[in-house]
Amino acid sequence: MSDYPHLLAPLDLGFTKLKNRVLMGSMHTGLEETQDWNRVAEFYAARARGNVALMVTGGIGPNPEGSVAHGAAMMTSQKDVDNHSIVTDRVHEAGGKIAMQILHAGRYAFSPDCVAPSGIKSPISMFAPKELDAEGIEKQISDIVACASLAKQAGYDGVEIMGSEGYFLNQFLVTHTNKRTDEWGGTYENRMRLPVEVVRRVREAVGHEFIIIYRLSMIDLVPNGSTFEEVVQLAKAVEKAGATIINTGIGWHEARIPTIATSVPRAAFAWVTKKLMGEVSIPVITSNRINTPRVAEDVLADGCADMVSMARPMLADPDFVNKSAAGKADHIAPCIACNQACLDHTFGGKISTCLVNPRACYETELRIEPADTPKSIAVVGAGPAGLSAAITAAERGHQVTLFDRAAEIGGQLNLAKQVAGKEEFWGLVDWYRAMVNLHGVSVKLNTEVSATDLEQFDEVIIATGVVPRDPQIPGQDRDNVVSYIDILNGKITAGTKVAVIGAGGIGFDVSEHLVHDGNSTTTNLPEWMKEWGVTDPESHRSGLAPEGPRPHAPARKVTMLQRKTTKLGKGLGKTTGWIHRASLTMKNVEMIGGVNYEKIDADGLHISFGPSRDNPQLIAADTIVLCAGQLSDRTLADTLEGKGIKCHVIGGADVAAELDAKRAINQGTRLAANL
Ligand code: NAP
Ligand code: SF4
């Protein structure tokens with residue numbers, strides 16, 4: 001019997017059957033906007049071959065005013081139908097099913113032409129929306145209905161009507177954004193009229209044998225959002241209006257509570273979906289931070305939902321379902337919920353991919369094929385760059401030997417996994433270990449290789465990483481000054497007052513580590529909810545605890561410093577930087593920018609401000625942690641080059657300034673794909 005009987009069970013929708021309980025949730029990858037429909041088709045076909053039961057496309061606009069931004073993909077013409085047919089044909093050939101998400105962004109549209117129930121600007125948008133009149137509302141409904149009909153013509157198996165995350169339909173539901181006094185505002189009956197009417201009219205237009213998923217915001221997490229009673233009322237009305245499935249939406253985009261970041265506990269919101277089970281008779285899907293078949297199976301076995309939606313995990317590994325079914329869960333490349341290569345790319349106007357899987361959205365370009373001539377390849381350094389190069393080369397049939405002076409593989413990933421809220425990195429290192437074994441990489445740990453040892457190999461890849469930068473602060477050789485490495489690997493325990501020098505990714509990680517002292521709320525859902533002020537929407541509207549966030553007291557007093565005058569953490573991820581800042585602010589971490597480091601003595605760190613070194617101050621601290629950035633460790637590469645031995649230098653050893661796992665894994669994979 002399978003390890004995942006609930007997850008792999010088919011789901012009968014009456015007119016069609018889903019082969020298992022896995023939905024690939026909608027993601028804005030930016031692929032549709034490339035207009036390279038072969039590339040779009042290959043992205044979805046790879047997931048269809050991976051046997052996901054049903055996929056939902058990224059949000060497609062029903063008209064220009066409702067599209068997320070100027071130039072965003074729409075479904076409004078015969079040309080769109082023809083283009084999308086390339087995708088649906090390829091998915092069907094691969095045995096898959098696909099629904100198109102209709103996304104009307106309302107006031108979230110990045111456009112001066114955006115429209116909404118009331119003219120209230122969103123805090124995350126620069127455009128005030130135009131308030132729709134009755135005629136304008138009718139136009140939006142007809143455009144959405146026309147969009148659904150065209151999606152059917154294009155061969156989609158269904159549509160998902162986006163009614164959550166604070167988009168257009170959601171904006172009508174709550175008084176936070178709907179101040180109307182006509183039949184589309186006021187009472188809840190009136191406020192829910194638009195979403196229900198949209199579902200009813202779409203069903204009327206597409207007939208019975210077509211999937212309609214309604215994505216319903218079950219916990220808004222913004223002031224004056226829905227009560228759970230209203231959620232249930234809407235779900236029942238949407239079912240009656242003709243929806244086939246209800247999918248869960250969690251939190252509006254403007255909510256100040258993280259909902260999908262890596263520090264959010266796994267399946268953190270499945271309990272919200274569970275509250276709707278039994279209230280409607282159509283299948284219900286749960287979502288958010290479900291990233292392994294075990295978590296998904298447990299959620300289903302616990303009766304939280306009929307299906308699970310996983311979006312980013314399908315970027316990380318298109319074969320998620322196949323590997324689960326084959327009993328090879330340890331071979332699934334894990335989504336670590338970092339957002340670095342997916343959502344951060346979307347918000348940066350770049351095509352999404354995946355930190356763990358650089359082939360995501362690049363299926364047609366980055367191909368891993370058997371090597372013409374198998375070679376012997378040495379890889380020095382078993383961090384993310386070296387590991388990616390090693391497993392890709394070995395998968396292609398090369399003989400790979402991977403050296404590292406450490407006792408285990410993983411490099412800096414082993415430091416990251418120690419940080420409270422970064423527990424997902426454990427799974428990433430485990431996956432690399434499984435891949436190294438699967439592809440027969442010969443691993444030589446505790447081994448310091450010399451240039452001479454490498455002479456015999458056909459190719460040499462140097463992934464020796466970085467060394468910490470020396471900030472040259474007078475007094476830094478004192479016993480009270482330590483490197484971030486010794487703090488994160490537990491060699492040294494910091495005192496009760498700590499100054500952190502440097503506020504890059506590592507300065508933030510170290511500060512999180514220091515204030516939590518091993519007590520991570522990421523592995524304790526009730527504590528995490530208390531920390532961020534999340535509660536049952538049945539007891540408090542919108543799921544916001546009336547007393548607000550109640551974090552644990554910090555384990556110690558931490559002060560973070562940087563020389564730049566910009567906001568601390570400005571360089572962190574677009575979609576996660578605010579979470580790190582908010583989390584440390586809740587722990588009373590002081591953040592000071594624009595400093596000069598004068599000296600360190602027994603009392604702590606002495607600083608001043610500005611070019612004339614004004615306002616001297618002492619940051620009283622019994623431990624000072626250096627997180628002042630990195631320099632490439634090129635010692636071995638330079639020696640090899642001196643001896644005339646050609647080598648490829650990747651990861652932090654190549655560019656330390658941009659040292660991060662995304663770049664390292666991408667570079668390692670691409671190099672090995674071409675050797
Ligand atoms: P970083 O991001 O380059 O930050 C280095 C910090 O050190 C800056 O705050 C910089 O600020 C300071 N600094 C630089 N030169 C200095 C000097 N001579 N004296 C004193 N301070 C100095 O490097 P990192 O924090 O080591 O992180 C490395 C990489 O790891 C990052 O690029 C990131 O991609 C990745 N990472 C990311 C995350 C994350 O996003 N959560 C977490 C961990 C690691 P001033 O120059 O203003 O003083
Ligand atoms: Fe998951 Fe990070 Fe990959 Fe996005 S980039 S899919 S969050 S691992």
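Residue indices begin at 1 and follow the sequence shown.
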(request) Please list, chain by chain and in numerical order, all residues satisfying side chain to side chain donor-acceptor pair (under 3.5 Å) with Glu138, sequence neighbours excluded. (result) Ser142, Arg201
(request) Using modelled atom types only, decide if a donor and an acceptor are shared between the side chain of Arg193 and the backbone of Glu189 within a distance under 3.5 Å. (result) no
(message) Between Arg191 (side chain only) and Gly186 (backbone N and O only), is there a donor and an acceptor less than 3.5 Å apart?
(response) yes
(message) If the threshold is 4.0 Å, N to carboxylate O, is there a salt bridge linking Glu32 and Arg39?
(response) no
Got a list of side-chain donor-acceptor pairs under 3.5 Å for residues 342-350, not counting sequence neighbours?
residue, atom, partner, partner atom, Å
Asp344, OD1, Lys574, N, 3.4
Asp344, OD1, Thr575, N, 2.8
Asp344, OD1, Thr575, OG1, 2.6
His345, ND1, Ala341, O, 3.4
His345, ND1, Ile351, O, 2.9
His345, NE2, Lys662, NZ, 2.9
Thr346, OG1, His28, O, 2.9
Thr346, OG1, Cys342, O, 3.1
Thr346, OG1, Ser352, OG, 3.2

(message) So does Ser226 get a backbone contact from the side chain of Asp220, meaning a donor-acceptor N/O pair under 3.5 Å?
(response) yes
(request) Indicate yes or no: does Asp302 engage Lys274 in a salt bridge with an N to O separation below 4.0 Å. (result) yes
(message) Has Arg215 got a side-chain atom pairing as donor or acceptor with Thr248's backbone, closer than 3.5 angstrom?
(response) yes
(request) Establish, for the pair Arg203 and Phe210, whether the NZ or CZ atom is under 6.0 angstrom from the six-membered ring centre and no further than 45 degrees off its axis. (result) no
(request) Output yes when a side-chain donor or acceptor of Tyr108 lies under 3.5 Å from a complementary backbone atom of Glu254, and no otherwise. (result) yes
(request) Indicate yes or no for a side-chain donor-acceptor contact from Arg541 to the backbone of Phe228 under 3.5 Å, with no hydrogens or angles considered. (result) no
(request) Count the heavy atoms of every other residue, nucleotide or ligand shown that sit under 6.0 Å from CZ of Phe15, and state whether that count exceeds 12. (result) yes
(message) Taking Arg107's backbone N and O only, do any of them form a donor-acceptor pair with Gln171's side chain (distance below 3.5 Å, no angle check)?
(response) yes
